[in-house]
Trainee: 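Got a structure for you, written out below as structure tokens; questions coming shortly.
Keep in mind that what you see is a predicted model, and the values were worked out from it rather than measured. For the numbers below, each heavy atom of this structure counts, side chains included, while hydrogens, waters and symmetry mates do not.
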Amino acid sequence: MAERELKKRSAPAERESETNEDQDSGAKAKEGEELKAKLDAVLDEIDEVLEDNAEEFVRNYVQKGGE
Amino acid sequence: MAIPKVCGVETEYGISMVGVPDANPINTSSMLINAFVNELSGKVGWDFIDEAPGRDARGFAVDGSLPPEVETNLVNTVLTNGARYYVDHAHPEYSSPECLTPSEAVLYDKAGEVVLRRSMAAARRLLPAGQEIVVYKNNSDRKGNSYGCHENYLMDRQVPFQKIVKQVTPFFVTRQLFAGSGKIGSEFPNQKVGEVHYQLSQRADFFEEEVGLETTLKRPIVNTRDEPHADATRFRRLHVILGDANMSQYSTFLKVGTTAMVLAMIEDGFLDDADLAVVSPVEALRRVSWDVSMSLPLTRVSGGTITPLDLQWEFASRAKKYLVSRGGDAVGGQEEAESIVSNWESTLEALETDPMSLADRLDWVAKLQLLIGYRDRHQIAWDDPRLAAIDLQYHDIRPERSVFERLAIRTIFNDEQVQEAVTEPPHGTRAYFRGKCLEKFPQNIAAANWDSLIFDLGRDPLRRVPMMDPLRGTAQHVDKLLSSSKSAQELLDALGT
């Protein structure tokens, strides 16, 4: 079941989509705008997600030992 | 004919104790796992008898090499999904159960994140206000300390190890094009500050050898640990240590799927005549990681050059032919194999034409796109700590602090499927027998290991059930037996052990 879902979702590179280039590029441009809008929305909120003091947080993140 | 590429992913998580400066990471990791285990019933210990991580696949002991230590005094547990959850050195580590397909490996890797998330919640309930244990699914602290995300693949013992090394190395050097998780800057010693703004891989900076036994010093591209956790006369477990921990399901699927495919081809002699070797693979590994434009060519051993993408195309096009002539049985069936190859090809095409279009699928692209967006919006330089914080928090698995969760990354499995995999083992490997016995007879399991279960029936001696073949003990083999056995005694009697 999972494999089928994955195949379906791999659509961007499927050959059929190349047969109608106009439609394809139109759709792509629209898709591009949507993606940009989504990224902008994430950028609007990201400071709330980030740790309060980035410099201190990054400096204090130390990992010793492993594997 | 290649044997099924039974596979699994083991992840060491980065760990922080908020509110306690200089907390001991070993104690913190133990506390985290204990908090989780104490909320579960039926804790079962791990059995170390067959552990021999110092054995070398090349058939000799290396002078001066330091085999990893096995720490028997630390927390160690087995989950009903067949996974092992324990403290490895100074990190909490989740080793997925043995999976029959790469997509299943994705599912159980994601289930591991749920286990860690529940552990953090359990620890929070025990800790005083102001203290919190936080884990990160990444591979570096940006200060030169690295910890691993290792993969394991079942291989036929008859395939000469040197052949595996020769043929898989160029693949490992270049698979980071889609399997990398991305990182700001470089931790390679003496690398000039500012020369590498961003690179494809978290791990490439830390590799120094082409082949060897180490995992913490002088890390090799191909690790030679010869510890099959199975019948050593028939099987080998290829222990792959150079990968990044991926947040994106799609990145993990491509990483494990393409690797399983390449290993199946090696086993079937399908790469014997291929001209794939590159000069100085260790240096090439770094060069590929540092070159986000993916255009710097690699030097071929046979002369001339090849771009990393073209080298990947060599493997992918062979895989397509392999699928036609040999089928997909070795990598989880025809449908799974077709999915691996078609996704591999479409990813390479997109990397060639429009890499940023993969921001909804590949970790290094998703992270880079966000970093560039943030940098441009705030007009800051690459060394701004806010960008480094985004880099770290991309891998924070707390929903409220995870940068990854804010991005619309495609998934293969939904939340419900991932939640189910936290308790339900894979059906197609011996993990099924391990997990179901733990679920059904927790009070009778004295210890568990990858290749055996030890039962305690309340009298001497303890009884060991060997599981030397990863493909036996599946739901198909043992489901009837398990459901008809009312007690562990009945089960063992029926098994005749």
Trainee: So, does A:Gln63 use its side chain to make a donor-acceptor pair with the main chain of B:Ser146 at under 3.5 Å?
Mentor: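 Not at all, since once roles are kept as given, no pair shorter than 3.5 Å links the two residues.
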Trainee: side-chain hydrogen bond (donor to acceptor under 3.5 Å, both in side chains) between A:Tyr61 and B:Asn145: does it pass, once the steps are laid out?
Mentor: CA-CA 10 Å; A:Tyr61 186 77; B:Asn145 300 310; over 6 Å; no
Trainee: Please classify the contact between A:Val62 and chain B as side chain, backbone, both or neither, with a heavy-atom cut-off of under 4.5 Å.
Mentor: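 Both parts, backbone and side chain.
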Trainee: Would you say B:Glu400's side chain and A:Val49's backbone share a donor-acceptor pair under 3.5 angstrom?
Mentor: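 No, B:Glu400 side chain to A:Val49 backbone: no donor-acceptor pair under 3.5 Å.
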Trainee: Under 4.5 Å from any heavy atom of chain A, what part of B:Ala408 do you find: side chain, backbone, both or neither?
Mentor: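 Side chain only.
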Trainee: Tell me, for A:Leu39 versus chain B, whether the close heavy atoms (under 4.5 Å) come from the side chain, the backbone, both or neither.
Mentor: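 It is the side chain, since no backbone atom gets that close.
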Trainee: Identify which part of A:Asp47 has an atom lying under 4.5 Å from any heavy atom of chain B, answering side chain, backbone, both or neither.
Mentor: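 Only the side chain of A:Asp47 comes within 4.5 Å of chain B.
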Trainee: Which is it for A:Ile46 and B:Leu370 under the side chain to side chain contact (heavy atoms under 4.5 Å, CB included) test, yes or no, and what are the steps along the way?
Mentor: CA-CA 10 Å; A:Ile46 199 81; B:Leu370 183 67; 4.2 Å; yes
Trainee: Please confirm whether the backbone N or O of A:Leu50 pairs with a side-chain atom of B:Arg401, one donor and one acceptor, at under 3.5 Å?
Mentor: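 Side chain of B:Arg401 to backbone of A:Leu50: a pair is present.
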Trainee: CG/B:Leu392 to CD/A:Glu51 distance, rounded to the nearest 0.5 angstrom?
Mentor: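 Going from the CG atom of B:Leu392 to the CD atom of A:Glu51 covers 9.5 Å.
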Trainee: Quick check for you: to the nearest 0.5 Å, what is the distance between A:Lys64 atom NZ and B:Ile26 atom CD1?
Mentor: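 Those atoms lie 13.0 Å apart.
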Trainee: Could you tell me whether B:Arg377 and A:Asp44 have a side-chain N and a carboxylate O separated by less than 4.0 Å?
Mentor: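 Between A:Asp44 and B:Arg377 there is a salt bridge, with a charged N closer than 4.0 Å to a carboxylate O.
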Trainee: Please classify the contact between B:Asn138 and chain A as side chain, backbone, both or neither, with a heavy-atom cut-off of under 4.5 Å.
Mentor: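 The answer is the side chain of B:Asn138.
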Trainee: Using a strict 4.0 Å threshold on nitrogen-to-oxygen distance, state whether B:Arg386 and A:Glu56 make a salt bridge.
Mentor: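 Judged by the 4.0 Å cut-off on N to carboxylate O distance, B:Arg386 and A:Glu56 do not form a salt bridge.
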Trainee: Side chain, backbone, both or neither: which part of A:Leu43 has a non-hydrogen atom closer than 4.5 Å to chain B?
Mentor: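 Contact with chain B involves both backbone and side-chain atoms of A:Leu43.
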